[in-house]
A.B. asks: 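Quick one: the structure is below, questions incoming.
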Amino acid sequence: MPLDLNRIAGERGADLRSWPPRYDPAYRPGPEERCWLPEVERAAPEQRDELILAKLRAQVRWAWERSPFYRRKWDEAGVSPDSLRTLRDLARFPVVQKNELRAAQAAHPPFGDYLCIDPAEVARIHGTSGTTGRPTVFGIGRDDWARIAEAHARILWGAGIRPRDRVMICSFFSLYMGSWGALIGVERLGATAFPFGAGVAGQTLMGVQWAREMKPTAFYGTPSYALHFADTARREGIDPRSFGFRVLFFSGEPGAGIPSTKKQIEETFGAACIDMGSTAEMSPWMTDGECGARGGMHLWQDIVYTEVCDSKTFQPLPYGAEGTPVYTHLERTSQPMIRFVAGDLTRWTDAPCACGRTYPRLPQGIYGRIDDMFIVRGENIYPSAIEDVLRAIDGFGGEFRVIVSRREAMDDLLVRVEVAPGRDAPALESEMRERLQARVGVRPRLELVAQGTLPRTEFKAKRVIDDRDLYRKGVSGS
């Protein structure tokens, strides 16, 4: 039986019969409702797939008719909107990678030839910083901005945020999409937004003072910044639990999906730790987002359709397999992404969730990136695995760095680790080394340093330094 779209439009203010869908900006569920759109979120997957396919076909045709980028790419691959008869047919379409977007914007500045709306209709410009290459410009139409807000409100509702909440947003307000996406979702949901920001010298200490005064009930930022926020509070003699947070939700790095980090955040603040986030190109980026059951991130497939694919062939993998997410917008008129590869790593499942939603889930969240993985003596190692081990050890001081180098033609793994005061350093070093070797398969060298030695971050933590190229250059130049 198909979903009753007429009833959803009448009762929920979500007209899904047209494309792009129309949403009533005044609609909100009752405070005790667990789902924003229960008929969709809890539908049998095959019923929801009919809605997804209808949206997908409309989205692909929109891009085909308005984007030289997609028409050229799909012509070369021998596909068109008429090729899309089932959801399985999407795998016939070629993937889009970030280097292609940069090239398209270089050739057709500033937005690239995949914009799909008139440049005069762009309401907001965001983008990347360009620190690792040419900046990517995001041109977002006004209607798309409203739909992003709708999606984020719906997903934040699933995470447990309610109109009575006061949400402190502690992340950069700049080109970065994360802060703005959290802000518009909070505003659309009807909660009180407290956009405090981050990044200015002394701002964390000021944020602690503001949090003590304003008593926000929810917090957004990166996991590493939340722990830095807690450390700053403790130095002022303030218990982080006294802030009264109920929910902390995160994006930007994998920490909230790492079991030991999630546990530490929840014990530190006495609140639920919610993992979210895909990539700015895919805004609404919360469509990889946990619910209040905290069993891993749901893939909200009727907003952004996600396949977990082989990282080389980009063909979809069965549930239970590890691969890279490939994302497709279903409601985007400006710069739609059709089969965009973000380069992340995850594992997916269709096992039931306690919340009753029937979406696939990423039970371990996004736990790495293809380009974050490093190989030492034949072992594939992810920074998230090292973090999970260290944060589970009593006596870990809160920060670490990984230095990969080469000594006498042999890969060397050094982990520089902070240690809490008053700990038995030799015993702690032995425990850390044994646990790390068991987890990553390589015996590391350890360098223990005092707590507070390593720098903290107000944004995404970067903890791996690979110096092996310096060795290679030295050898080749000798």
Side-chain angles (χ1 to χ4, degrees), residues 28-29 31-32 36 148-149 152-174 176-253 255-256 261-262 264-277 285-286 289-292 294 398 456-461:
R28 282 199 298 269
E32 302 310 314
W36 188 276
I148 292 168
H152 283 185
R154 179 178 159 193
I155 295 163
L156 285 171
W157 190 277
I161 305 296
R162 293 294 182 267
R164 65 180 180 272
D165 281 308
R166 184 177 295 163
V167 184
M168 185 173 189
I169 300 172
C170 285
S171 188
F172 291 95
F173 279 92
S174 61
Y176 176 61
M177 281 291 295
S179 310
W180 298 99
L183 176 64
I184 61 172
V186 167
E187 290 177 335
R188 169 63 186 92
L189 187 144
T192 300
F194 182 19
F196 190 79
V200 177
Q203 192 165 9
T204 303
L205 177 58
M206 189 183 302
V208 166
Q209 295 166 351
W210 273 87
R212 185 169 57 174
E213 294 297 322
M214 300 305 300
K215 297 294 183 185
T217 55
F219 177 100
Y220 168 75
T222 61
S224 56
Y225 184 64
L227 293 172
H228 174 48
F229 195 91
D231 286 342
T232 304
R234 291 190 187 101
R235 286 197 297 272
E236 295 299 304
I238 300 169
D239 181 351
R241 286 175 171 253
S242 69
F243 295 135
F245 296 137
R246 291 192 311 105
V247 176
L248 297 96
F249 61 101
F250 300 103
S251 70
E253 58 186 33
T261 304
K262 180 185 282 284
Q264 182 178 359
I265 289 171
E266 293 192 336
E267 291 177 348
T268 295
F269 291 97
C273 171
I274 302 292
D275 193 13
M276 292 181 173
W285 51 260
M286 288 184 186
E290 273 191 302
C291 65
R294 307 197 297 288
R456 268 54 177 175
T457 179
E458 297 189 351
F459 196 41
K460 302 180 184 182

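Counting begins at 1 with the first residue of the sequence.
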A.B. asks: Hey, are the side chains of Phe229 and Phe219 touching, using non-hydrogen atoms and a 4.5 Å cut-off?
C.D. replies: yes
A.B. asks: Can you name the nearest heavy-atom pair linking Ala193 to Leu183, along with the distance?
C.D. replies: CB-CD1, 3.6 Å
A.B. asks: Under the side chain to side chain contact (heavy atoms under 4.5 Å, CB included) rule, collect the residues that match up with Arg212, sequence neighbours excluded.
C.D. replies: Ile238, Phe243
A.B. asks: Going by the rule side chain to side chain donor-acceptor pair (under 3.5 Å), which residues pair with Arg188 if we only count those two or more places apart in sequence or in a different chain?
C.D. replies: Glu150
A.B. asks: Give, for atom CD1 of Ile155 and atom SG of Cys291, the distance between the pair rounded to the nearest 0.5 Å.
C.D. replies: 11.5 Å
A.B. asks: Could you grab the distance from atom CH2 of Trp180 to atom OG of Ser171, nearest 0.5 Å is fine?
C.D. replies: 11.5 Å
A.B. asks: Only counting residues at least two apart or in another chain, list the ones meeting side chain to side chain donor-acceptor pair (under 3.5 Å) with Asp231.
C.D. replies: Arg234
A.B. asks: Residues two or more places apart in sequence or in another chain: which of them pass ring pair (Phe, Tyr, Trp, His ring centres under 6.0 Å) with Phe249?
C.D. replies: Tyr220
A.B. asks: Looking at residues at least two apart in the chain, or sitting in another chain, which of them share a ring pair (Phe, Tyr, Trp, His ring centres under 6.0 Å) with Phe269?
C.D. replies: Phe245
A.B. asks: Leu205: which residues meet the side chain to side chain contact (heavy atoms under 4.5 Å, CB included) condition with it, sequence neighbours left out?
C.D. replies: Gln209, Thr232, Glu236
A.B. asks: Can you find a heavy atom in the side chain of Leu189 that is under 4.5 Å from one in the side chain of His152?
C.D. replies: no
A.B. asks: So do Thr222 and Ser251 actually touch side chain to side chain, heavy atoms under 4.5 Å?
C.D. replies: no
A.B. asks: The criterion is salt bridge (Lys or Arg N to Asp or Glu O under 4.0 Å); which residues satisfy it with Arg294, sequence neighbours excluded?
C.D. replies: Glu266
A.B. asks: Can you pull out every salt bridge (Lys or Arg N to Asp or Glu O under 4.0 Å) where at least one residue sits in residues 218-227? Sequence neighbours excluded, please.
C.D. replies: none
A.B. asks: Taking the basic N atoms (NZ, or NE/NH1/NH2) and the acidic carboxylate oxygens, is any pair closer than 4.0 Å for Asp275 and Lys262?
C.D. replies: no
A.B. asks: First locate atom CG of Leu156, then atom CE of Met286, and finally report the distance between them rounded to the nearest 0.5 Å.
C.D. replies: 4.0 Å
A.B. asks: Determine the minimum heavy-atom distance between Gly197 and Gln203, stating which atoms define it.
C.D. replies: C-NE2, 3.6 Å
A.B. asks: Give the minimum heavy-atom separation between Met168 and Ala211, together with the two atoms involved.
C.D. replies: SD-CB, 4.0 Å
A.B. asks: Nearest 0.5 angstrom please: Glu32 CD to Arg162 CZ, how far?
C.D. replies: 7.5 Å
A.B. asks: Give the minimum heavy-atom separation between Ile274 and Ala159, together with the two atoms involved.
C.D. replies: CG2-CB, 4.0 Å
A.B. asks: If only atom types and distance count, is the side chain of Glu290 paired as donor or acceptor with the main-chain N or O of Met276 below 3.5 Å?
C.D. replies: no
A.B. asks: Which of these, Asp165, Ile161, Val167, sits in a side chain to side chain contact (heavy atoms under 4.5 Å, CB included) with Val247?
C.D. replies: Ile161
A.B. asks: Residues two or more places apart in sequence or in another chain: which of them pass salt bridge (Lys or Arg N to Asp or Glu O under 4.0 Å) with Arg235?
C.D. replies: none
A.B. asks: Excluding sequence neighbours, so at least two apart, what forms ring pair (Phe, Tyr, Trp, His ring centres under 6.0 Å) with Trp157?
C.D. replies: Trp36
A.B. asks: Specify the closest pair of heavy atoms between Asp239 and Thr268, including all atoms of both residues, with the distance to one decimal.
C.D. replies: OD1-O, 4.4 Å
A.B. asks: Listed by chain and number, what are the side chain to side chain donor-acceptor pair (under 3.5 Å) partners of Arg166, not counting sequence neighbours?
C.D. replies: none
A.B. asks: Measure from the side-chain N and O atoms of Arg241 to the backbone N and O of Glu267, and report whether any donor-acceptor pair falls under 3.5 Å.
C.D. replies: yes
A.B. asks: Could you name each residue pair satisfying salt bridge (Lys or Arg N to Asp or Glu O under 4.0 Å) that touches residues 214-230, not counting sequence neighbours?
C.D. replies: none
A.B. asks: Report yes if the side chains of Ile265 and Phe250 come closer than 4.5 Å at any heavy-atom pair, otherwise no.
C.D. replies: yes
